Amino acid sequence: MRRNKQINVSRALALAGAFNFLISAAKACLLPFFTLYLRHLGLTPTETGFVMGTKHAITLAWSPIAGLLSKHYNKRRVLVNSCLVVSATAAIVIPVIPPADVHKIRCNNSISLVNPTQSSTDGKQMSASLTSLGNFKSASSSNVSMEVPIALKEAKNNTSVPKIEAIKKRKSNVRLEGNVDKQSKLTGNTDNNSDSLKEMDNHHQLFFLILIAVSVLTAALAPLEWTADDGLFEYLDFADAADRYSNSKTWSLIGGAFGVCGSGVFVSQLSCLLAAETPRSVVHFVCFSIITLGTVPIASFLPFYLNKKRTKPDGLVKGLQLVRGSVRAVLCATTILLVGIVISTVENFLLWEMQDNGSNELHMGLSLALGLISQVSFPLFVVKVSKILSSGRVLVLGATIVSVQCLYFSFLWGPWAVLPAQILNTLSFGGLWWAVQVQCDDIATPGTERSVARVYSALSLDLGRALGSVIGGAVVQKFGIAWMFRGAALGLIMWCFVLALLQVKAPRQRRINYSRLLAADASEASESESEQERDWLDKAIEDDQSNNNSGRRIYH
């Protein structure tokens, strides 16, 4: 950008707000409902957790790399437009992948596959499971245990069904015989197990196809917001308007609420099957692609500025060093990581639990939208909260409320039962990220504020969610959704007690903010005549010298 070119800050903020709104709306149309679609395809909780964990891991690694490459070669606009087109195409390809043959989607929002994630003892779900198991038994030979390994694995928590116990014993006998005489197993059971081998191949083929498609979609989506934020911030920084950068982030939450609510309400009004065996959940992918392609014209006019003075890619490294050098910053980072692990379990399996309790896309969309709107409302209370509680206590309070929400989700009893917990997002997520931002301001040096904030964001949104998805999927597979929520809530609440104790012992770090000294009110400066006669710079230098001896303060 040439220096003689006129800079329109209002236009830049309007374009950035529209871009963030549309991108967040597109993601909200698809991503919250994606694990529900994986359940419809027939993936197990462990496989679903692995797919979602891979998604977050790719975002963690690929976002900074793509951002640095686009900045180095000055191809930010090309990268953003290419990612929009590729992600829209990948989203259309995913519904083309055929589901596994071991299940059938029914129009009463239930799945005929025996599912271990039924945390409640709903009679309808139990009857659906028994019906499915009876269909498998009637269609198989005497070695039915080898033909439906997925159903058996998923039904091991339903100990009240005697048929499943009998099949388990039969399966264990087959395994023992195979261990004693492997040659007889290969020769004698080849014909009987050929169909089951084909069935397993189909299921694993579905899993790997979904994994590849999700990886491509994530690789296209990951650099979008990272690259656009870098370009916008450098543009505003060049125009000396970097303080207005945070205003564009509010539109992301509003766009997410609009997308998840609109898509949920729209899909709930459609028939269960659109055409042939096409489920109505495919509409989520279509909405995502339409909104993403509609964002391309706005992305073409986004203000991008390449700051050649900041070409060194050491921002994240410096941010990590600053976080590691403060005890309170490390405690905050650990809390954010654990919260990310817990939140990933909620994001992946909350809709499964709601579906088991009779919810459809309408209830899900409105509930998730209420949670996002609650986060937007936190700035209305931030002044009062900051006067009552310090940032450290708000951090503990936010993490505690997250654990209470997670525990509440394990006791859902109806379609709308989730709504009271979503209102608490004002203090849980809103307060939590406000406390993190205060911590970033306390430890960051000039020019590293965004790097420190991105370290915390990566710990929670990417690393924490990647670990939580894999761990949560395995726990749901073995114990069920309800016990997974309760275990996650218990672990987080225990850490909150430890965090409150450690914060008391942790040294408090303070800094001198020279901009506040410059902007000090005349009333504050006139408290005493002796302080009026002293220049603020002399006072700051004296404080600086005294604190260099103690070594307990951080200066910005």
Side-chain angles (χ1 to χ4, degrees), residues 1 7 9 11-27 31 55-91 215-239 241-242 244-252 255-256 288 291-319 447-458 461-462:
M1 176 182 293
I7 296 177
V9 176
R11 176 178 177 273
L13 291 174
L15 288 172
F19 178 82
N20 291 330
F21 178 88
L22 292 176
I23 287 298
S24 299
K27 290 182 178 180
L31 297 184
K55 170 183 172 295
H56 294 297
I58 292 175
T59 303
L60 176 65
W62 177 239
S63 294
I65 295 175
L68 290 175
L69 291 176
S70 63
K71 180 178 180 179
H72 178 73
Y73 294 102
N74 196 16
K75 299 294 183 182
R76 284 174 172 168
R77 197 180 308 279
V78 175
L79 176 65
V80 171
N81 290 331
S82 301
C83 289
L84 289 173
V85 175
V86 173
S87 60
T89 305
S215 300
V216 174
L217 178 62
T218 305
L221 282 177
L224 278 176
E225 296 186 18
W226 184 291
T227 305
D229 288 346
D230 279 344
L232 174 65
F233 180 81
E234 293 183 5
Y235 181 90
L236 295 177
D237 188 40
F238 177 75
R244 302 177 63 181
Y245 165 77
S246 59
N247 296 336
S248 62
K249 287 299 181 181
T250 306
W251 291 104
S252 297
F288 171 85
I291 298 177
T292 302
L293 292 177
T295 313
V296 175
I298 296 178
S300 302
F301 293 98
L302 280 177
F304 288 139
Y305 170 70
L306 180 61
N307 190 349
K308 296 182 179 180
K309 296 181 181 180
R310 297 181 180 178
T311 55
K312 296 182 180 180
D314 57 351
L316 292 178
V317 177
K318 181 64 175 178
T448 63
E449 294 86 354
R450 297 179 68 247
S451 299
V452 175
R454 278 181 168 175
V455 169
Y456 284 109
S457 177
L461 301 180
D462 299 324

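Remember, predicted model here, so these are calculated numbers, not experimental data.
When all heavy atoms of G294 and L22 are compared, the pair lying nearest together is O-CD1, 4.5 Å. Shortest non-hydrogen contact noted between R76 and G231 is NH1-CA, 3.4 Å.
Scored by the side-chain hydrogen bond (donor to acceptor under 3.5 Å, both in side chains) test, K55 finds no partners at all (sequence neighbours excluded). Residues meeting the ring pair (Phe, Tyr, Trp, His ring centres under 6.0 Å) test with F19, sequence neighbours left out: none. By the side-chain hydrogen bond (donor to acceptor under 3.5 Å, both in side chains) test, S215 pairs with no residue at all, sequence neighbours left out. Listed by chain and number, the residues in a side-chain hydrogen bond (donor to acceptor under 3.5 Å, both in side chains) with D230 are W226, R450, R454 (sequence neighbours excluded). Not a single side-chain hydrogen bond (donor to acceptor under 3.5 Å, both in side chains) links D462 to another residue, sequence neighbours left out. Residues passing the side chain to side chain contact (heavy atoms under 4.5 Å, CB included) test with V78, sequence neighbours excluded: K75, S82.
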Steps toward side-chain contact (heavy atoms from CB on, under 4.5 Å) verdict (L217, F288): CA-CA 12 Å; L217 178 62; F288 171 85; 4.0 Å; yes

Using side-chain contact (heavy atoms from CB on, under 4.5 Å), reason through L236 and V9 one step at a time and then give a plain yes or no. CA-CA 7 Å; L236 295 177; V9 176; 3.8 Å; yes

Could you go step by step and tell me if V455 and V452 meet the side-chain contact (heavy atoms from CB on, under 4.5 Å) rule? CA-CA 5 Å; V455 169; V452 175; 5.5 Å; no

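Remark: the backbone N or O of N20 is not paired with any side-chain donor or acceptor of W251 at under 3.5 angstrom. In this structure, S63 contributes its side chain and A222 its backbone to a donor-acceptor pair below 3.5 Å. The closest donor-acceptor contact from the side chain of R77 to the backbone of S300 lies under 3.5 Å.
Separating the CD1 atom in I291 from the CD1 atom in I23 is a distance of 9.5 Å, to the nearest 0.5 Å. Taken from CG in L232 to CG in L13, the straight-line distance is 6.5 Å, to the nearest 0.5 Å. L224 CG to T295 OG1: the interatomic distance, rounded to the nearest 0.5 Å, is 9.0 Å. Remark: T59 OG1 to W62 CH2 distance equals 12.0 Å, nearest 0.5 Å. Going from atom OG1 of T227 over to atom CG of L68 covers 9.0 Å, rounded to the nearest 0.5 Å. Rounding to the nearest 0.5 angstrom, the gap separating the CG atom in L84 from the CG atom in L293 is 8.0 Å.
Checking each of C83, P64, S70 against P223 for a side-chain contact (heavy atoms from CB on, under 4.5 Å) leaves exactly one that passes, namely C83.
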